[in-house]
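Data first, discussion second: the structure below is written as structure tokens.
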Amino acid sequence: MTISIAHLGPTGTYSEQAAVIYVNWLTKNTVIETILCPYPSISQSLHAVAKGQAHLAVVPVENSIEGSVTMTLDTVWQLDGLRIQLALVLPIVHNLISCATSLDNIQTVYSHPQALAQCQVWLERFLPRVQIIANNSTTEALERLEQEPTTATIASSRAAQLYNLPILTSGINDYPENFTRFWVISQGIPDAKYQISELTYSHTSLAFSVPANIPGALVKPLQIFAELGINLSRIESRPTKRSLGEYLFFIDVEADANETQMQSALAELTNHTEILRILGTYNVLPASVL
Ligand SMILES: O=C(O)C(=O)C[C@]1(C(=O)O)C=C[C@@H](O)C=C1
């Protein structure tokens with residue numbers, strides 16, 4: 001069986017790197033064969049799964065410095081029916097890639113907004129006068145670097161190698177401990193062939209809107225988990241885009257959605273939420289696989 005895996009392109013992105021790690025794990029543990037399919041945006045890679053053009057998408061969801069990748073959260077909410085099969089956490093080391101001979105010759109820096117944000121202190125310190133341009137991925141501008149020696153891109157060392165471009169400065173992220181969490185997402189129900197086969201799942205991700213903007217609207221859903229002694233590992237809000245001050249909540253729970261306690265929590269949660277989506281119950285690929 002051959003499956004297609006969508007990811008943010010063009011080739012050399014961190015998302016592709018995460019997809020390659022997942023593919024290596026699949027190759028070692030299953031008989032599944034894979035084709036990687038780059039898409040111009042994170043949203044388009046998720047739409048490809050929703051439309052059945054790809055079996056899976058590997059998308060960034062959260063970075064340890066910059067927080068949530070909002071395009072992923074918003075698209076997962078918008079496209080009802082997507083399902084997280086697995087998570088993996090990748091160390092992120094950014095580099096300034098350029099054909100310029102010194103930092104003094106650089107006038108423009110391109111990268112993905114997440115990468116630019118993860119290097120903002122370095123950029124202010126070493127390139128305070130350059131024009132900073134955000135684009136869809138860390139690799140989108142790499143092809144122009146040879147023709148434009150006054151431009152630079154922030155991307156991975158793997159990207160520099162793939163495009164045969166020089167790294168002018170390496171390790172420019174503001175904090176050395178820089179990690180991004182990715183989700184492997186499919187359409188439909190949990191599918192054992194894409195997952196780590198363990199007896200239980202370590203995480204469940206949920207998203208919900210609350211019935212009204214009244215005191216305690218968020219406390220009630222959260223109390224359910226506190227009372228059952230179930231730990232939350234993340235909470236994030238996003239605007240509903242219906243009116244100012246109205247939010248959706250994304251929470252990660254350290255529990256298997258199939259456990260009895262979680263089943264009761266989820267049943268109770270439906271009484272205190274307007275729309276409740278179980279985005280997936282899954283395991284995290286161990287760091288030893290990276
Ligand atoms: O542009 C890329 O290379 C990506 O894969 C996107 C992305 C992100 O959106 O967080 C992935 C990891 C890094 O945090 C920076 C950028």
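Read the numbers this way: they start at 1 and go in the same order the structure lists the ligands and their atoms.
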Quiz item: What is the closest protein heavy atom to atom 3 (O) of ligand 1, and at what distance does it sit?
Solution: Thr138 OG1, 2.6 Å
Quiz prompt | Under 4.0 Å to a heavy atom of Gln118 - the qualifying atoms of ligand 1, by number | solution = 14 (O)
Quiz item: What atoms of ligand 1 come within less than 4.0 Å of a heavy atom belonging to Thr13?
Solution: 2 (C), 3 (O), 5 (O)
Quiz prompt | Top protein contact for atom 5 (O) of ligand 1, by heavy-atom distance | solution = Ser15 OG, 2.6 Å
Quiz item: Got the closest protein heavy atom to atom 13 (C) of ligand 1, with its distance?
Solution: Thr180 OG1, 3.8 Å
Quiz item: Would Arg158 and Glu16 pass as an ion pair if we require N to O under 4.0 Å?
Solution: yes
Exercise. Out of Asn136, Leu8, Leu90, indicate the one that has the non-hydrogen atom closest to atom 4 (C) of ligand 1.
Key: Leu8
Self-check item: Numbered atoms of ligand 1 (with element) below 4.0 Å of His112, judged on heavy atoms
Solution: 1 (O), 8 (C), 9 (O), 16 (C)
Quiz item: Is a side-chain donor or acceptor of Tyr22 paired with a backbone partner of Tyr194 at a separation under 3.5 angstrom?
Solution: yes
Practice problem: Heavy atoms only: give me the nearest Glu62-Val69 pair and the separation to one decimal. | Solution: N-CG2, 4.0 Å
Quiz item: Hey, are Gln195 and Gln85 close enough side-chain-wise for a donor-acceptor pair under 3.5 Å?
Solution: yes
Quiz item: Ser137 heavy atoms, cut-off 4.0 Å: which ligand 1 atoms fall inside?
Solution: 1 (O)
Quiz item: Got a salt bridge between Glu274 and Arg242, using NZ or NE/NH1/NH2 to carboxylate O under 4.0 Å?
Solution: yes
Self-check item: Atom CD of Glu254: over 12 foreign heavy atoms under 6.0 Å
Solution: yes
Practice problem: Check whether the ring centres of His7 and Tyr14 lie less than 6.0 Å apart, and answer yes or no. | Solution: no
Quiz item: Can Met71 be said to touch ligand 1, with heavy atoms closer than 4.0 Å?
Solution: no
Quiz item: Of all the non-hydrogen atoms in the protein, which one sits nearest to atom 12 (C) of ligand 1, and at what distance?
Solution: Tyr14 CB, 3.6 Å
Quiz prompt | Other residues, nucleotides, ligands: >12 heavy atoms within 6.0 Å of Gln161 CD | solution = no
Quiz prompt | Atoms of ligand 1, numbered as shown, that sit under 4.0 Å from any heavy atom of Val69 | solution = 9 (O), 10 (O)
Quiz prompt | Distance-only N or O hit between ligand 1 and His94, under 3.5 Å | solution = no
Exercise. Look at atom CZ of Phe126 and say whether more than 12 heavy atoms of other residues, nucleotides or ligands are closer to it than 6.0 Å.
Key: yes
Self-check item: For atom 7 (C) of ligand 1, the protein heavy atom that lies nearest, with its residue and separation
Solution: Pro60 CG, 4.2 Å
